[in-house]
Every structure is written in C-alpha cells, then in structure tokens.
Amino acid sequence: MKAGVIVFPGSNCDKDTYRVLSNVIGAETRYLWHQDTQIDDLDLVVLPGGFSYGDYLRTGAIARFSPIMSSVKKFAANGGIVLGICNGFQMLLEARILPGVMIPNRSLRFICMQVYASVQRNDTCFTSLSNVGDVLEIPIAHFEGNFFAPNDILKDIEDNRQVVLRYSDAQGNVSDESNPNGSINNIAGLVNKAGNVLGMMPHPERSSEKILGSEYGRIIFESILHSILNSE
Amino acid sequence: MLDIALQLGLSEAEFNRIVQILGREPNYTELGIFSVMWSEHCSYKSSSIHLKRFPKSSDRIIAEPGIENAGALRLKDNWAVVFKVESHNHPSAIEPFQGAATGVGGILRDIFCMGAYPIACLNSLRFGELDNPVVKHLFDGVVRGIASYGNCFGVPTVNGEVYFEPSYTGNPIVNVMAVGLVQIDKMISAKAKGPGNPVVYIGSSTGRDGIHGASFASFELSDTSDKDRPSVQIGDPFTEKILLEATQEIAMRNLAIGMQDMGAAGLTSSSAELAAKGSVGIELDLDKVPLRETGMTPYKIMLSESQERMLLITEKKNLSEIESILKKWDLNYAVVGKVIKENVLRLLWHNEIVGEIPTNSLQAGDGAPIYNLPQAKPILADDAQSEKCDDILDKINIKEVLPKLLGMPSIASKRWVYQQYDYQVGARTVMLPGNSDAAVLRIPETGQFLSISIDGNGAYCYLDPYIGAAIAVLEAARNVTATGARPIGITNCLNYGNPQKPEVMYQFSRGVDGISDACRALSIPVTGGNVSFYNESPKGAIFPTPTIGMVGLIENESYITPMAFQKPTDSIVILGETSKELEGSQIQKLLCGSYSGKPPEARIEEHNRIINFLIELIHEGKIHAAHDVSEGGIAISLSEMCINSICIGAEINLPNYLENAVYLFSESQGRFICEVSSDYVEDILQTANKKKIMCEKIGNTIDDPYLKINKQRFDIEELKEVYENSIKNTI
C-alpha cells in the first residue's frame with residue numbers, strides 16, 4: 001500500500017499518522033506538502049489532525065483552498081481512498097467532499113478524552129475487518145467536533161447509510177449520555193455515498209499501539225490495507 | 001533623565017551607574033534598554049547571588065546552566081532532553097487567557113530555539129479559593145489559555161498541579177514547563193559568533209504590545225494594575241507552530257550559529273544576550289525590523305514584547321538556504337544587523353546611531369547590578385509555629401472527613417482541567433493523566449521513557465521555607481520514582497514576594513538551600529530555572545512557592561508502573577515511616593481553616609534510600625502499582641488507588657501504634673503505598689528491615705468495590721463521585 005499524509009501549515013498529527021502507517025501498518029508512506037499536486041500514484045491519502053492555519057476564521061476553512069485539495073477532490077472522485085481525521089474531517093466538510101458542518105462542542109470547551117464509538121457498517125474499506133456493533137475505545141481531542149446537518153441533508157446521510165461510527169457507551173448503546181460533543185445523531189464518522197472517503201473525529205492514530213493505551217483504532221488502517229490488497 | 005529613570009523603575013544609584021558605564025547620560029532609548037535589562041525579571045539582580053549555591057554537576061549535563069536557554073541532559077547516544085519552567089503570574093492576574101497562553105508560547109520558544117522539538121508541557125497553577133467569582137474567572141481563563149495555545153501548537157499538556165489557597169487570591173501562580181528532545185550535534189547555542197555574520201529576524205512583525213512587560217513583572221500588583229493590560233502580549237500559536245517547523249529545518253541542516261527567542265524585553269534581551277554570551281557585539285539596523293504599525297520609535301521597537309519572534313545568527317553563505325525555508329513556511333524575516341567585534345550593542349535608525357551600550361553591562365550576573373539584599377526571619381512564621389492546633393484530632397470522624405477531604409479542590413481530581421488539554425498529540429503519552437503519579441512519555445529514538453512531574457507546596461514553605469522547598473524536590477522525586485523512573489535532574493521556578501522585604505529574601509534564600517540540599521542527597525543537578533519576585537497584591541505576599549519540574553528516566557518498558565490498584569488479592573504495603581505530622585496538612589486546613597505549626601520533616605536522606613529501594617523493587621518486577629503519599633495522607637492515596645482502578649477495592653487494617661486518624665491523615669514525608677504480589681511480601685519486609693527502611697503491610701486488594709478501613713466501609717463509587725465532580729460542580 002502506498003500512503004500519503006498531507007502536511008498543512010498547522011497540521012500536528014501528521015507525524016503520528018505517518019508513524020502508524022509506516023511502522024505499525026507497514027505501508028510505504030510519504031509526506032505530501034499542501035502545495036503538492038501529484039498524488040495519483042497513491043492508494044491512500046490522509047488528511048491528518050491539527051490546527052491547519054490555526055483554525056483561524058473557521059476550522060478547516062482556509063486549508064480547503066490549499067492547492068492539494070483540488071487533487072484530493074479528483075483523487076476521491078476517481079475512487080481513491082481518503083481518510084480525514086479530526087481537522088482532516090473538518091477540511092473534508094469545508095471542501096464539500098463530505099456533507100454537513102462542524103460547530104463548537106456543546107460544552108463550548110475543548111474536549112480530550114477516551115470515548116466509545118460503535119461501528120455502524122462494515123461494508124466500507126475502512127471497517128471491513130470489524131463487525132457491525134463492535135465498540136471501539138478511541139480518543140477524541142477537539143473544540144469543534146459537534147457535527148451538524150440540516151434535516152434534509154441528515155435524512156440523506158442516514159438514508160444512504162453514510163454513518164460509519166456513532167458515539168456510544170461501552171456496550172454500544174447510542175444515547176445522549178454517550179455523546180461527548182453534541183453531534184447530531186451521535187455521528188462520529190461518516191463516508192461519502194461511494195464509500196471511499198471517511199471523515200472521523202476520533203483519532204485512530206493515537207490508538208493503534210498497545211503502549212499508548214488502546215489498539216482499537218488500528219482496525220481502521222488494517223481494514224484499508226486489507227481492502228487495497230484485496231483489490232490488487 | 002534621572003526622573004525618567006525613576007519612572008522606569010531604576011534606582012538613583014542604578015542611574016548613576018549607567019552614566020558611569022556610558023561615560024555620559026543615556027538617551028531615552030538607552031535608558032529604556034537598561035530599565036528592562038536591569039529589571040529583576042531579566043537581570044536576576046537580587047537572586048543570582050543565591051542561585052550560585054545550586055548543585056549543577058552531572059555526567060548528563062550538556063548545556064551550561066544559566067548560559068543556554070534551558071537545561072539539557074543526555075539520554076543516550078546523540079539524544080538529550082531539554083526542559084525548563086517559567087512563570088507568567090502577573091500577566092495572568094490581569095488577563096488570564098492571554099497571560100497563560102503567552103506563558104506557554106514563551107517557554108516553548110526557550111526549548112525550540114535550542115533546536116529541540118517540544119514533546120510535552122506541564123503546568124503548576126495556584127489560585128485563591130474557588131468559591132470566589134474572580135478566582136473562577138482567573139482559573140477558567142488560565143486553563144482556556146493554556147489549552148488554546150498548547151493544543152493548537154500541537155504539544156501535549158501531560159501533567160500538572162492546581163492548588164487553591166487564599167494567599168494567591170490577588171496574585172495567581174501560572175508556571176509552565178516545557179520539555180523537548182534534541183539531537184546533541186544539532187543543538188543551537190545562545191551565543192553570537194563571527195564578526196560580520198548576519199543577524200536574522202524571524203517571525204511575527206513587531207507591534208506595540210507588551211512594551212515593558214519585563215518591568216511590569218518586576219513590581220507588585222496593585223489595584224490599578226488593570227491599566228497595565230497593554231503590557232500583556234497576545235499569543236498566536238499558529239505562527240509559533242510554523243516558527244517551530246521552520247527553525248527545526250534550519251537546525252537539522254546546521255544553518256544556525258546561535259538563536260535566541262525574543263521573550264521578555266524582546267529584541268533588546270535577545271540581541272544583548274546573544275552578543276554578551278558570545279563575547280562579541282551586535283549592530284542592529286532598526287529600519288529593517290518588520291513592523292506591524294507605523295510611527296514606532298527605536299524605543300518601542302527595542303522594548304516590544306510581540307510574541308512568536310526569533311533572532312538568529314548565521315553565516316552569509318547560509319542565507320539563501322534559510323530564506324527558502326522561511327519562504328516555504330510563509331514566515332516574515334529580515335536581516336536586521338550583523339555581529340561586530342566591539343562588545344557593544346549598537347542601534348542604527350535612519351542612518352544615525354541612536355544607542356550604543358557595552359553588552360556586558362546588560363548581562364545578568366555580569367555588568368548588570370547584583371545585590372545581596374538583607375534577610376530577616378519572618379515573624380509571621382514564628383507566630384504560626386507557636387499557634388498549635390492540637391485539639392484537631394478530637395474533631396475527626398473518619399467516615400465524615402474522608403469524603404470532605406477528597407472533595408477539597410486542591411485534592412480532588414483535576415479532570416475538568418486536563419480534559420481541556422490535548423494530552424496525547426505526538427503519540428508519546430504512555431500514561432494518561434490520572435493513571436500515574438507523573439507523566440510517562442516514550443522516546444522511541446532511544447528506546448527509553450521519560451517520567452516528568454511538576455510539584456510545589458506553598459503551605460509547607462509558608463511554615464518553613466527551607467523544609468517546604470526541600471519537600472517540593474522530594475515530592476517530585478517520589479512522583480517520578482513511583483512510575484518506575486530514576487530522577488535525573490530538575491528545573492525550577494521560584495515564586496516569591498517582594499525581595500526588598502527582608503522576610504521575603506530570607507524565605508527565598510532558605511528555599512534555595514532546601515532545594516540544593518534535597519538535590520545533593522538525590523545526586524541530581526539543578527539544570528536551570530526562573531525566578532519570579534514581586535508576587536504581591538494589596539492583600540499581601542503569596543506563600544513562598546518554589547515549583548520544581550523534575551525529569552526521570554525509565555530504561556525499560558517493563559518498569560513503567562501505574563498508580564491505580566491492578567488486581568485483587570495483592571498485598572498493600574507502605575514504604576516509609578508514618579508519624580504524627582498534621583501541621584501544615586490538608587486535614588489541618590479542612591478542620592482549622594488555616595495552616596499553623598511546623599510542616600512535616602523533610603527526611604532528605606531517608607528519601608534517597610527509600611527511592612532507591614522502590615526502584616530496585618520495580619526493576620525486580622515486584623510492584624504492581626505504586627503511589628506516593630502526599631497531601632491528605634494515606635487516606636487520600638488509598639482512595640485514589642481505588643478510584644482510578646477498574647473496580648478493585650482494598651481492605652485495610654491500621655497498625656495500632658498511632659491513632660487511626662493520625663495514621664490516615666498525617667503528611668509524613670518519604671512514603672509510598674505499593675501493591676505487591678502477596679508472594680513477595682515477606683521478602684520485601686525482610687529486605688527493607690535490613691536496609692533500615694520502615695515497611696509495613698497494611699492490607700490487601702479485594703474484588704469488591706469498597707475501601708474498607710478497619711470497621712469503616714467506603715463505597716468507591718461514592719468516593720469517586722465526590723473526587724471527580726468537586727471542581728466541575730464548583731465552577
């Protein structure tokens with residue numbers, strides 16, 4: 001698998017993601033500068049977490065104008081696998097590659113904690129190795145992770161089964177108590193209609209090694225690897 | 001000019017000294033420069049004579065303490081850890097969000113201007129009592145400020161402490177520590193070298209913010225301090241982040257000779273220090289300095305404390321490569337001067353010399369004034385010591401008191417705080433907050449782990465400034481040891497009142513001795529630090545509060561030890577001796593409302609033996625969990641080990657040589673509670689006996705969510721409820 005991790009000015013989970021992809025998953029990984037445009041040779045493009053451009057103005061709002069984003073759009077339209085984590089998810093929303101928006105957490109505070117997210121479908125390349133109903137214990141760290149979409153778009157998202165991860169409790173029950181940030185329908189991660197672009201607020205790269213306290217996130221990367229190997 | 005000098009905070013004698021140095025009266029710009037460089041904050045003029053007493057030697061030291069921007073200790077091969085703690089108390093008192101945020105920014109630059117990559121931040125915070133609305137505002141603002149800057153910059157905030165005492169009401173303590181990793185052969189010095197070499201300004205443009213921030217930090221706060229709000233700088237963590245990445249590229253390619261961040265006293269201190277430390281001079285062309293606004297005078301340009309700026313010395317041949325790196329990162333830069341042979345700081349403005357000052361006269365501990373101010377033992381402390389609180393024990397009902405103690409904001413869980421900090425970014429955080437006594441970070445570069453803690457105790461220092469300061473070092477050492485680490489060095493931030501007051505100077509001097517003696521006993525160096533004087537408000541001086549930032553080293557993953565109970569049917573043993581030491585304790589505060597008497601003995605030598613013993617036991621794989629005993633005593637430590645476990649309880653049978661309440665709440669120093677496999681207990685007790693270390697078994701872990709102490713039973717869920725929610729509910 002050939003993977004690329006985009007570095008935007010202000011990205012700060014780029015090195016962590018690179019480390020997991022190359023050392024843990026064993027992918028041939030390279031950094032992509034936000035002004036690069038050549039990404040056609042890759043199997044996977046990751047938009048990492050962080051504070052691109054300081055998240056000034058609005059999170060992800062400036063990064064979406066980086067030259068590489070039009071290449072990402074084309075790459076996704078051609079079926080390439082794109083994963084946006086945290087700030088990367090926010091950029092995918094701002095770039096309209098995924099539907100909906102992020103607003104500040106309902107606590108109006110930054111939240112860093114371990115949460116549970118239950119897998120809603122396993123027929124995507126991001127979750128193919130998990131079972132529906134599996135609960136991932138995985139960390140979040142964000143100020144604007146409160147996913148919102150107006151009713152018609154939300155209906156569209158749900159009708160098309162685009163939600164891949166929902167915040168839940170340890171048993172997989174999805175409720176308001178298990179919702180850390182106020183996201184509508186407890187949405188923690190969703191894919192585009194074609195299923196090849198995933199945006200998720202939890203950080204799988206922080207939970208892919210036992211030494212860091214949780215390995216639940218690794219299944220996302222392993223599923224991607226599995227899907228790519230199977231399609232070759 | 002003399003009256004202006006006085007206005008700027010210089011004394012008449014200092015003014016005369018300036019005239020003598022220059023051989024003439026200074027002009028306005030020069031006077032401004034002297035006033036900031038000779039401020040207490042920059043010159044350490046009242047403290048340096050005492051700081052010399054710190055032990056500074058260690059095989060691991062690779063940066064000369066006091067010369068380079070932060071302490072550096074060798075880990076293995078080409079890698080070293082760089083760390084320092086600094087205060088931002090005064091700015092945080094009047095503008096908590098920006099005050100704390102720029103405190104984080106400043107200490108991070110001290111780390112990365114050495115070519116190190118920041119891997120962690122910690123903080124030590126002290127406020128008035130939390131039921132005061134102003135305190136709530138300060139506490140909330142400071143936490144948001146730290147979160148906002150650290151999270152955006154991308155450094156994990158991994159550990160800290162927060163205390164609430166009335167003495168900090170008008171003057172909170174905001175101490176921030178940063179830790180970085182550096183490749184030794186890529187380290188950048190704080191010295192300018194090579195006449196003719198260009199001086200490059202990098203980062204944000206210069207504005208009017210923060211002018212005289214360093215001087216502002218060198219006065220007591222008053223009722224009108226609010227008008228000094230413009231002295232508080234504004235932070236821009238995004239610019240800091242790209243400044244980090246760009247300077248890292250410069251460091252990795254060995255393009256810099258020297259680098260210094262523009263912190264307190266901005267362009268003035270960075271240029272003067274680079275020149276003085278390198279025994280050269282610097283000529284600055286102020287017309288070249290990137291400015292944020294028009295109409296700025298040389299005085300304002302030199303004194304601005306605009307954030308996120310660096311001054312770099314390089315060779316001409318490297319300029320184009322540096323330029324391309326800075327362009328890539330969209331950073332402002334300009335060549336603003338050159339290194340010169342004469343030892344002067346020379347300022348040019350519109351082709352005229354507008355200032356020329358010998359560099360060594362600006363240098364702390366060199367040409368800047370050094371004072372040995374008079375000391376007097378505070379009468380306050382004497383009074384306090386005579387006023388005993390002996391009937392304290394009669395009032396104790398353990399069943400009632402334990403939950404109350406657990407809910408005291410100083411003791412309760414700080415989850416409300418650390419949940420706002422990104423404590424995982426960087427993927428090095430091995431122990432999440434609340435799981436161990438100190439932060440544990442992995443260093444895949446060397447295969448080692450760092451354990452880091454920040455500690456202080458104002459109440460003990462108030463009662464005895466020597467003992468309290470020693471205990472701060474020893475507590476930090478206990479915290480890193482409990483995680484399985486061997487202490488390797490400390491940095492410190494010494495927060496005291498007005499040094500012109502002999503009582504404060506006495507506290508300070510005794511504090512330095514306490515820290516020195518504790519470090520000598522542990523054979524660790526003081527690698528650097530910061531002094532913050534004038535922590536006084538109209539309500540009086542703060543408790544003397546030395547803050548210790550300690551770094552420990554764990555050589556092997558298997559040594560990493562958690563704090564919470566791990567499994568049932570293990571034995572619970574206490575290392576160290578418990579005696580009746582309730583004065584200065586949290587139980588005294590809870591029951592008597594204030595502190596009086598004598599703080600617990602520091603037991604400096606004993607600590608060293610117990611710490612070595614615990615490390616030995618951990619290395620032998622005999623310890624499943626370890627937690628130090630500090631504020632609140634054994635009762636609190638046991639509660640924390642239960643609360644943070646996964647449904648493991650404890651059954652405790654208290655020894656009968658002390659009253660139960662004394663045993664549970666005494667704050668005797670040098671103790672650990674350890675969970676050990678029952679198979680090893682006899683062996684451990686015997687070995688301890690041989691080493692003349694007090695060690696006793698007090699109970700077992702149980703598969704039942706209760707903390708049972710003799711006949712009392714505490715539901716761990718109920719304890720947890722109080723412990724976890726106390727701060728959140730008060731806020």
Side-chain angles (χ1 to χ4, degrees), chain A residues 7-20 23-24 31 33-35 48-57 59 62-63 66 86-87 105 107-115 137-144 170 180 202-214 217, chain B residues 117-119 140 143-144 146-158 235-246 248 308 328-331 415-436 440-442 444 449 557-558 560 562 728 731:
Chain A
V7 182
F8 296 90
S11 290
N12 62 33
C13 303
D14 46 338
K15 295 183 180 72
D16 309 357
T17 310
Y18 180 95
R19 184 189 153 83
V20 170
N23 295 16
V24 181
Y31 289 113
W33 183 236
H34 72 119
Q35 286 172 338
F51 285 72
S52 56
Y53 296 96
D55 274 358
Y56 299 155
L57 186 60
T59 167
I62 303 175
S66 279
C86 198
N87 197 224
N105 300 337
S107 64
L108 299 181
R109 290 182 186 278
F110 190 96
I111 303 172
C112 179
M113 65 188 287
Q114 297 288 119
V115 299
E137 190 185 344
I138 193 167
I140 56 167
H142 56 246
F143 179 71
E144 288 172 80
H203 286 270
E205 82 283 8
R206 295 181 185 184
S207 48
S208 288
E209 295 170 88
K210 187 158 177 266
I211 182 92
L212 299 182
S214 160
Chain B
Y117 202 91
I119 59 166
D140 181 46
V143 170
R144 280 180 192 272
I146 291 171
S148 153
Y149 205 100
N151 297 351
C152 178
F153 177 80
V155 66
T157 302
V158 293
D236 175 1
F238 170 63
T239 299
E240 179 110 331
K241 166 73 176 168
I242 56 176
L243 192 57
L244 161 71
E245 297 299 338
Q248 274 289 303
E308 292 90 25
K328 171 187 160 191
W329 288 100
D330 271 332
L331 273 166
R415 185 181 301 274
W416 182 87
V417 176
Y418 65 71
Q419 208 158 270
Q420 299 185 53
Y421 303 149
D422 187 341
Y423 47 77
Q424 284 186 297
V425 61
R428 293 180 184 273
T429 314
V430 169
M431 291 303 226
L432 303 184
N435 290 357
S436 58
V440 178
L441 299 168
R442 66 170 173 181
F449 297 81
E557 186 183 334
S558 65
I560 300 171
K728 191 168 83 186
I731 279 279

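Both backbone and side-chain heavy atoms feed into the values below; hydrogens, waters and symmetry mates do not. Per chain, numbering begins at 1; letters A, B, ... match sequence-line order.
For the options P139(A), S207(A), S208(A), heavy-atom pairs under 4.5 Å to chain B are most numerous at P139(A). Taking H203(A), E205(A), H142(A), K15(A) one by one and counting their heavy-atom pairs under 4.5 Å with chain B, the maximum is reached by K15(A). Chain A forms more heavy-atom pairs under 4.5 Å with one residue of N151(B), L432(B), V430(B) than with any other, namely N151(B). Counting heavy-atom pairs closer than 4.5 Å to chain A, the top-ranked of the candidates R415(B), K328(B), E557(B) is K328(B).
Contacts from residues 422-429 of chain B to chain A, taken as heavy-atom pairs separated by less than 4.5 Å, involve D422(B), Y423(B), Q424(B), V425(B), G426(B), A427(B), R428(B), T429(B) in sequence order.
Taking the six-membered ring for Trp and thresholds of 30 and 60 degrees, Y53(A) and F238(B) have ring planes inclined between 30 and 60 degrees apart.
In this structure, chain A has a heavy atom under 4.5 Å from the side chain of F449(B), while its backbone stays farther away. For chain A, the nearby part of P444(B) is the side chain; its heavy atoms alone come within less than 4.5 Å. Of the two parts of Q35(A), neither the backbone nor the side chain holds a non-hydrogen atom closer than 4.5 Å to a non-hydrogen atom of chain B. With a threshold of 4.5 angstrom between heavy atoms, F143(A) does not approach chain B through any atom at all. The contact between S11(A) and chain B is made entirely by backbone atoms, counting heavy-atom distances below 4.5 Å.
Rounding to the nearest 0.5 angstrom, the gap separating the CZ atom in R144(B) from the CG atom in L108(A) is 7.0 Å. The line from CD1 of I211(A) to CE of M431(B) is 9.0 Å long, rounded to the nearest 0.5 Å.
A search for side chain to side chain contact (heavy atoms under 4.5 Å, CB included) contacts involving T239(B) returns S204(B), D236(B), E308(B), L331(B), not counting sequence neighbours.
Looking at heavy atoms from C-beta onward, Y418(B) lies out of side-chain contact with C112(A) at the 4.5 angstrom threshold. Between E245(B) and V7(A), every side-chain heavy-atom pair lies at or beyond the 4.5 Å cut-off.
The heavy-atom pair separating G54(A) from C152(B) by the smallest distance is CA-SG, 3.9 Å. Nearest heavy atom pair, residue F110(A) against residue Y421(B), reads CE2-C, 4.3 Å. The two residues P9(A) and I242(B) make their nearest non-hydrogen contact at CB-CG2, 4.0 Å.
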